[in-house]
Amino acid sequence: MSTAPRQRGFVARTFSDISNAFVAGVARLDKSLSPSVTIQRLREHTFTISDSVYIFHIALATMWLTLMQMPPFPYKLIIPILYAIALLVPLTSQFFIPATPVFAWLLTFYSSRFTPPSWRPAVSVSLLPTLESVLYGANISDILTRFTHPVLDIIAWFPYGVVHFTFPFVVAAFLWLFRRKEMLHLWARTFGYMNLAGVLIQLVLPCSPPWYELIHGLTPANYGMKGSPGGLARIDALFHSQGYTIGFTNSPLVFGAFPSLHAGNATLEALFLSHFFPQATRYIWAYAGVLYWATMYLTHHYLIDVVGGACLAIASFYFFLPDELRGPAALTPPPNLNTGTRSKYDVYDLEDPGRGGMMLSAREFDAVSEPSSDDEEVDITYRSPVPGATSFPPLMHDAPAGKKPNGTAPSRGRGGHRHTASIASLIRGDQRGPEDGWSPVAGSFPAGVGRGRSD
């Protein structure tokens, strides 16, 4: 078989699997819009110590909403009002409750620009390059930026500036489609808390990135300085745009070099996909390796930032991963998804004759093999294994004509065994005894003459 038909068959099966998984995923959703359902569930919920984490989320959100200056009061109250409505509606709460850590991270990242100056620690401009030289013998990120090329710019830009912002949704979508919902909740929880921890570390330990060293050297930094797109400015020049320049210049967290959340997110995505979808292991880790390089090539992170982000992701993954999902249970599909099982015809890309009408269904086979209603059912209980033998045990001679030994009339119609071989005929002669209803002596029955059992 040529390669093209196989590729078309693979694409068709992949599209069919995704379509079936999407239909099954929609079927699993809670489509209720009644807040009373959520309130009833809240009343029936048994609170545990782990639920106290929501007290932390409420306190954190209250602090950032208080510090938030844009949008101003009272418009910023729209944020908690809309979030409360989303939690009350069952259709949206099934997504917003597990995603609470993600929203906590986004709120912290955005509102960090409003942190009072008295709360901010001094920015370190020499800590990271010094540790880079001490630990690795050289400034690796500086070495990687000495040679640039438009092709390398594109290779670095795509994972760093595009895939990084979209891939978390792809991972969440695949977990929702092909794995149980607790795995999707695990992704939201781990992803959200890892990024939240990373932002809090960046606020407590602010450090300048490599682009600052290239522009300002080791001169002291202050929070009034604007950010820089670094190597992504070449992408803006290549596409004649200003998107990355505007975005990074107005970043709410200019001095958040350590740890690298780009590297942390790529590592976490690689860990999840390689654990829950082992067939994607080599591809996802290749992507992570390219992104590690891109963070340094584009002058946004030192190597120690990359290592710190990867370590944070590994620690988060194994901290939140429950014991029951560390083994084969990690590959369990949703209960209503059947795309994982294929017939031998699909596996070997063969035509299933049953789909073309060449094979009989079970019902059709029964209809063909069943005797007609006019055929009398033959009792095989006392059938003689010798062809032509007509004698029966004494019990059969004593039975009335047209009756079975138990006094019931012979049955007709469905369920007949007219073509069924006698079980007794399959037994060897030396294993047969008088209790079977005939003499065990082989070859003692004359042709055409029946002989009763002698007691």
* **Audit row: Asn250, Arg113, side-chain contact (heavy atoms from CB on, under 4.5 Å) steps and yes/no** => CA-CA 10 Å; Asn250 299 299; Arg113 70 180 70 194; 5.7 Å; no
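- Note on ring orientation: taking the six-membered ring where Trp is involved, the planes of Phe191 and Trp105 are perpendicular (angle over 60°, cut-offs 30° and 60°).
- Between Phe167 and Val163, the closest side-chain pair of non-hydrogen atoms falls below 4.5 Å.
- Annotation for Ala221 and Val125: closest pair CB-CG1, 3.8 Å, computed over non-hydrogen atoms.
- Ring geometry, His262 versus Phe165: the interplanar angle exceeds 60°, so the pair is classed perpendicular (tilted spans 30 to 60°).
- Annotation: side chain of Leu67 is not in contact with side chain of Ser111 (no heavy-atom distance under 4.5 Å).
- By the side-chain hydrogen bond (donor to acceptor under 3.5 Å, both in side chains) test, Glu213 pairs with Tyr302, sequence neighbours left out.
- Applying the side chain to side chain contact (heavy atoms under 4.5 Å, CB included) test to Ala24 and every residue at least two apart in sequence or in another chain returns Arg28, Asn336, Leu337.
- The minimum heavy-atom distance linking Met194 with Leu268 is given by the pair SD-CD2, 4.0 Å.
- Partners of Ser32 according to the side chain to side chain contact (heavy atoms under 4.5 Å, CB included) rule, which considers only residues two or more places apart in sequence or in another chain, are Asp30, Ser34, Val37, Pro90.
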* CA sep, side-chain torsions, deciding dist, call: Tyr160, Tyr297, side-chain contact (heavy atoms from CB on, under 4.5 Å) -> CA-CA 10 Å; Tyr160 190 89; Tyr297 175 80; over 6 Å; no
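- Tyr287 and Glu269 get closest at one heavy-atom pair: CE2-OE1, 3.6 Å.
- Under the side chain to side chain contact (heavy atoms under 4.5 Å, CB included) criterion, Val134 pairs with Thr130, sequence neighbours left out.
- Contact annotation: the side chain of Ile215 approaches that of Ser228 to within less than 4.5 Å [non-hydrogen atoms, C-beta and beyond].
- In this structure, the ring of Trp211 has its center no less than 6.0 angstrom from the ring center of Phe248.
- Between Leu60 and Ala104, the shortest heavy-atom distance links the atoms CD2-CB, 4.3 Å.
- Checked against side chain to side chain contact (heavy atoms under 4.5 Å, CB included), Pro72 has the following partners two or more places apart in sequence or in another chain: Met70, Tyr75.
- The OG atom of Ser260 sits 10.5 Å away from atom CG of Leu303, with the distance rounded to the nearest 0.5 Å.
- If you take CG on Leu291 and NE2 on His301, they are separated by 9.0 Å, rounding to the nearest 0.5 Å.
- Side chains of Leu200 and Thr108 form a contact here, defined as non-hydrogen atoms less than 4.5 Å apart.
- If you run side-chain contact (heavy atoms from CB on, under 4.5 Å) between Leu33 and each of Leu88, Thr92, Val89, only Val89 comes through.
- Interatomic distance, Phe317 CZ to Ser274 OG, rounded to the nearest 0.5 Å: 6.5 Å.
- Within the 4.5 Å cutoff, the side chain of Tyr54 has heavy atoms near those of the Ile97 side chain.
- For Tyr193 and His57, the ring centers sit closer than 6.0 Å to each other.
- Using cut-offs of 30° and 60° for the angle between ring planes, the Phe22 and Trp176 rings count as perpendicular.
- Residues Ala188 and Pro101 share a closest heavy-atom pair of O-CB, 4.3 Å.
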* **Residues Leu128, Ile304; criterion side-chain contact (heavy atoms from CB on, under 4.5 Å); working and verdict** => CA-CA 7 Å; Leu128 295 181; Ile304 191 173; 3.9 Å; yes
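- The shortest side-chain heavy-atom distance between Asp236 and Ser241 falls under the 4.5 Å cut-off.
- The heavy-atom pair separating Gly230 from Thr299 by the smallest distance is CA-OG1, 3.5 Å.
- Summarising the geometry, atom CZ belonging to Arg180 is positioned 10.0 Å from atom CG belonging to Leu331; distances are rounded to the nearest 0.5 Å.
- A salt bridge between Arg146 and Asp142 is present, with a side-chain N of the basic residue lying under 4.0 Å from a carboxylate O of the acidic one.
- With hydrogens and angles ignored, the 3.5 Å screen pairs a side-chain donor or acceptor of Thr332 with a backbone N or O of Ala329.
- Taking CZ of Phe319 as the reference point, atom CZ of Arg189 lies at 10.0 Å (rounded to 0.5 Å).
- Remark: Lys76 NZ is packed, more than 12 non-hydrogen atoms of other residues, nucleotides or ligands lying under 6.0 Å away.
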* Assess whether side-chain contact (heavy atoms from CB on, under 4.5 Å) is satisfied between Trp293 and Ile155, documenting all intermediate values. => CA-CA 10 Å; Trp293 162 79; Ile155 296 175; 3.9 Å; yes
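- Between the side chains of Tyr292 and Thr267, at least one donor-acceptor pair of N or O atoms lies under 3.5 Å.
- Using a 4.5 Å heavy-atom threshold, the side chains of Val307 and Tyr136 count as touching.
- Here the side chain of His164 pairs no donor or acceptor atom with the backbone of Ala263 at under 3.5 angstrom.
- Heavy-atom contacts from other residues, nucleotides or ligands closer than 6.0 Å to OH of Tyr223 number more than 12.
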Show which side-chain atoms of residues 276-284 pair as donor or acceptor with protein atoms under 3.5 Å away, not counting sequence neighbours.
unit_1: Thr281; atom_1: OG1; unit_2: Pro278; atom_2: O; d: 2.7

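- Taking the six-membered ring where the residue is Trp, Phe174 and Phe178 present tilted rings, their angle falling between 30° and 60°.
- Side chains of Trp64 and Thr115 form a contact here, defined as non-hydrogen atoms less than 4.5 Å apart.
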